[in-house]
Amino acid sequence: MTVRFYNSLTHQQEDFVPQTPGPSAQAPLRGAQIRMYTCGPTVYDYAHIGNFRSFLFADVLRRHLEWHGATVRQVMNMTDVGHMTQDQTADGAGRDKLELAVEKMKQSKKSGAALVENPNDPGQVADFFVRAFLEDARRLGLAVVADYDRAGGAAAQERIMPRPTRHIGQFIELIQKLLVRGHAYIGSDGVVYYDVGGFAAYGRLSGNSVEQLSHGAGGRTNESAAKRHPADFFLWKPDRHHLMRWPSPWGEGYPGWHVECSSMAMEILGESLDIHTGGEDNIFPHHECEIAQSEGATGRPFVRLWMHARHLMVEGEKMSKSKGNFFTIRDLMEKGVDPLVIRLALIRTRYRETLNFTLQSLHETAGAMGSLRDLVEKLGGAVGDPGGAGETGPAGPEGGPSTACLEPADADMLAEFQNALDDDLNTSAALAALFTWAAPRFKRKKFTDDEARSSLAALRRVDHVLGVMFKPLQPLAQDTRANVENLLRQRDEARQRKDFATADRLRANLTALGVEVHDTPSGSQWRRRLAPERSTAPGIATEAARR
RNA sequence: GGCCGGAUGCCCGAGCGGACCAAGGGAGCGGAUUGCAAAUCCGUGAUUCGUGGGUUCGAAUCCCACUCCGGCCUCCA
């Protein structure tokens, strides 16, 4: 049993062996302690589905390692230092992103919809978006947020989802270490720079060379008289007028963008991590610089396995605010998409493939997910647990991949599912294995008690990774629910007096409320729709463009 | 200009040299069922894998060339 992953650092697939493996050489993941860092969101705006694709990839990775019996210590930062906006230079002049968010908050206050008490306080603005992020992430079932919620107290939470503004002291220490070791220097402008020329491995991750970078196509690297090399990046920038600033040996100012991940990852997880994940755009410069800073400071390998998720497209186009195809979880939920459908839609394509996110993909996913959840319900009924056997709960160590007591067909499916994920997290193939097994079970009406128990156990194991079958759906709002019950009663009455025109009109109303109606011999039933009806949603991109 | 990926049926997507006349999910179509629907059930689709060469007993899978698409090269997950 080997688990293979594509390592961005070596540009090839490798067998994964944790630094602290478990006791068995045959199954080094069982009982292993794995340290994993996930580049998290910047909290000056709502996170979008592209962000979440990357976080969900890391989540599936972590859950799969847990499937193998490893204990994963995952850290995800919440970047609350603003850093730079697009129209400024890499040296950090210009306005802070958080500053722009603060502006926005002030606007919203003027228009009467105050989102925070004091929009001038960047801390409050960041807090606001941190809360929003946590809400979204809980709905999507990110295990790291479950860790966060379980952690006892603010100090413990800070070691799971750290906020850079609370670690500035460590950043300064890291920068001092780099100065002492000769990897950093103070430019004539008073800014502390990293000396790229002094770090031979710079460029290994991204496939760049320092030589190429100095010529950078179109001269996009920033030339500055104060720097030794155009690719040198700043570690600390003194600036007494910046919105967010802290005292330092180099004057009041703020840290460079890349410092936070190096510093917090090493502070919390140690100098050498097993895995570091992020979106593909992080490869350069962010992660390249992290390696340079961390290894420059410690002289030890920073990360053994780098993994990066490819970006997603929306309706075949790059997602961008200007194209109007930019979606947050909230946007989609407003359209009636259940967050678990979003989760499955974002993980069903393998992380290294470009994912084309479309309205159709949401429908497909909703259909597939609905079938699985129906099966869970049916099996739950067969073992006298109509609730579908409860929730699996967030990720937690479940022990080894024991398949004792399972029917052979169920064990075979689990083996195939696992093999697919072992192969560089091939979620598409894993789902195919699941559906090949599930399809005949969708049709079956009867299961013996043993069969149902075995199948449910298998599905629970699968769902430890997928996280879409046992978790409750978004509940209907209380007043909507009352409304639904009321309409349904009226429709039943209409049907009884054969007033089908009224009945059909009422059904349309119910559909609009996000429920679907089933007429059975014993009366009508309703259930929550997982995604909006096709005809009422012309296309997520076109609809967004209209806003 | 440099560095990466990709091109499989109507759509999404697996496939990593022989079990592929190509998995799985959707959509469509025909039928059963229904007041009409929904859901469900039955049936139905690539002799072919961007194009052209090559290697091989054998290629969607390996090699070469070409065409097209996408990403990164200091805002970005």
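First the proteins, then the strands, lettered A, B, ... as listed; each starts at 1. Keep in mind it's a predicted model, so treat the numbers as computed, not measured.
For A:L375 and B:A39, the CG to P distance is 18 Å, given to the nearest whole Å. Here the C1' atom of nucleotide B:A77 and the CG atom of A:L142 are 13 Å apart, to the nearest Å. Put simply, OH on A:Y351 is 15 Å from C1' on B:A77, counting in whole angstrom units. Going from atom CZ of A:F500 over to atom P of B:U34 covers 13 Å, rounded to whole Å. A:F52 has its CZ atom 18 Å from the P atom of B:C76, to the nearest Å.
Within 4.0 Å (heavy atoms only), A:F435 reaches sugar-phosphate atoms of the nucleic acid but no base atom. Using a 4.0 Å heavy-atom cutoff across all strands shown, A:R373 reaches no nucleic acid atom at all. Residue A:N282 is in sugar-phosphate contact alone, with no base atom involved, counting any heavy-atom pair closer than 4.0 Å across all strands shown. At the heavy-atom level, A:L312 lies under 4.0 Å from base atoms of the strands shown. Residue A:H308 is classed as having no contact, given no heavy-atom separation below 4.0 Å to the nucleic acid. Residue-level contact check: A:T365 touches neither bases nor backbone, having no heavy atom under 4.0 Å from any strand. Within the nucleic acid shown, A:G50 comes within 4.0 Å of at least one base atom, counting heavy atoms only. Nucleic acid contact class of A:A309 (heavy atoms, under 4.0 Å, all strands): none. Using a 4.0 Å heavy-atom distance criterion, A:E516 is classed as making no nucleic acid contact.
Contacts of A:R528 classified as side-chain hydrogen bond (donor to acceptor under 3.5 Å, both in side chains), with partners at least two apart in sequence or in another chain: none. Taking the side-chain hydrogen bond (donor to acceptor under 3.5 Å, both in side chains) definition, one finds that A:N483 meets it with nothing, sequence neighbours left out.
Salt-bridge annotation for A:R461 and A:D410: absent, with no side-chain N of the basic residue lying under 4.0 Å from a carboxylate O of the acidic one. The existence of a salt bridge linking A:D492 and A:R489 is excluded, since no basic side-chain nitrogen approaches an acidic carboxylate oxygen closer than 4.0 Å.
When each of B:G70, B:A39, B:C75 is scored by its nearest atom to the side-chain atoms of A:W257, the top-ranked nucleotide is B:C75. Candidate nucleotides B:A39, B:G5, B:C76 were compared by shortest atom distance to the side chain of A:D281, and B:C76 ranks first. The listed nucleotides are B:A23, B:A77, B:G70; the one nearest the side chain of A:T436 is B:A23. Taking the side chain of A:R491 as heavy atoms from C-beta on, and the options B:G5, B:C36, B:C72, the nearest nucleotide is B:C36. Nearest to the side chain of A:A368, among B:A39, B:G26, B:G35, sits B:G26. In this structure, of B:G26, B:C73, B:A77, it is B:C73 that holds the atom nearest to the side chain of A:F284. When the nucleotides B:A38, B:C36, B:G71 are ranked by their closest atom to the side chain of A:E280, B:G71 comes out on top.
In terms of polar N and O atoms assigned as donor or acceptor, the side chain of A:R507 comes within less than 3.5 Å of the base of B:A37 in a complementary pairing. Between the base of B:C36 and the side chain of A:D519 there is a donor-acceptor pair shorter than 3.5 Å.
Checked against the 6.0 Å centroid criterion, the rings of A:Y194 and A:Y202 do not qualify as a close aromatic pair.
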- For nucleotides 12-18 of chain B, 5' to 3', base contacts (B), sugar-phosphate-only contacts (S) and non-contacts (-) with protein non-hydrogen atoms under 4.0 Å give -SSSB--
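Between A:K445 and A:G279, the one whose closest nucleotide on RNA chain B sits nearer the 5' end is A:K445. Residue whose closest nucleotide on RNA chain B sits further toward the 5' end, between A:K443 and A:S54: A:K443.
Shown here is A:R481, whose CZ atom has no more than 12 heavy atoms of other residues, nucleotides or ligands within 6.0 Å.
In terms of heavy-atom proximity, A:H258 sits nearest to A:Q293 at O-NE2, 3.0 Å. Between A:H363 and A:P532 the shortest heavy-atom distance is CE1-O, 2.7 Å.
The side chain of A:W526 contributes no N or O atom lying less than 4.0 Å from OP1 or OP2 of B:A38. Of the side-chain N and O atoms in A:K318, none sit less than 4.0 angstrom from OP1 or OP2 of B:C76.
Evaluated for a side chain to side chain contact (heavy atoms under 4.5 Å, CB included) with A:R348, the options A:L466, A:V468, A:T365, A:T427 yield exactly one hit, A:T365.
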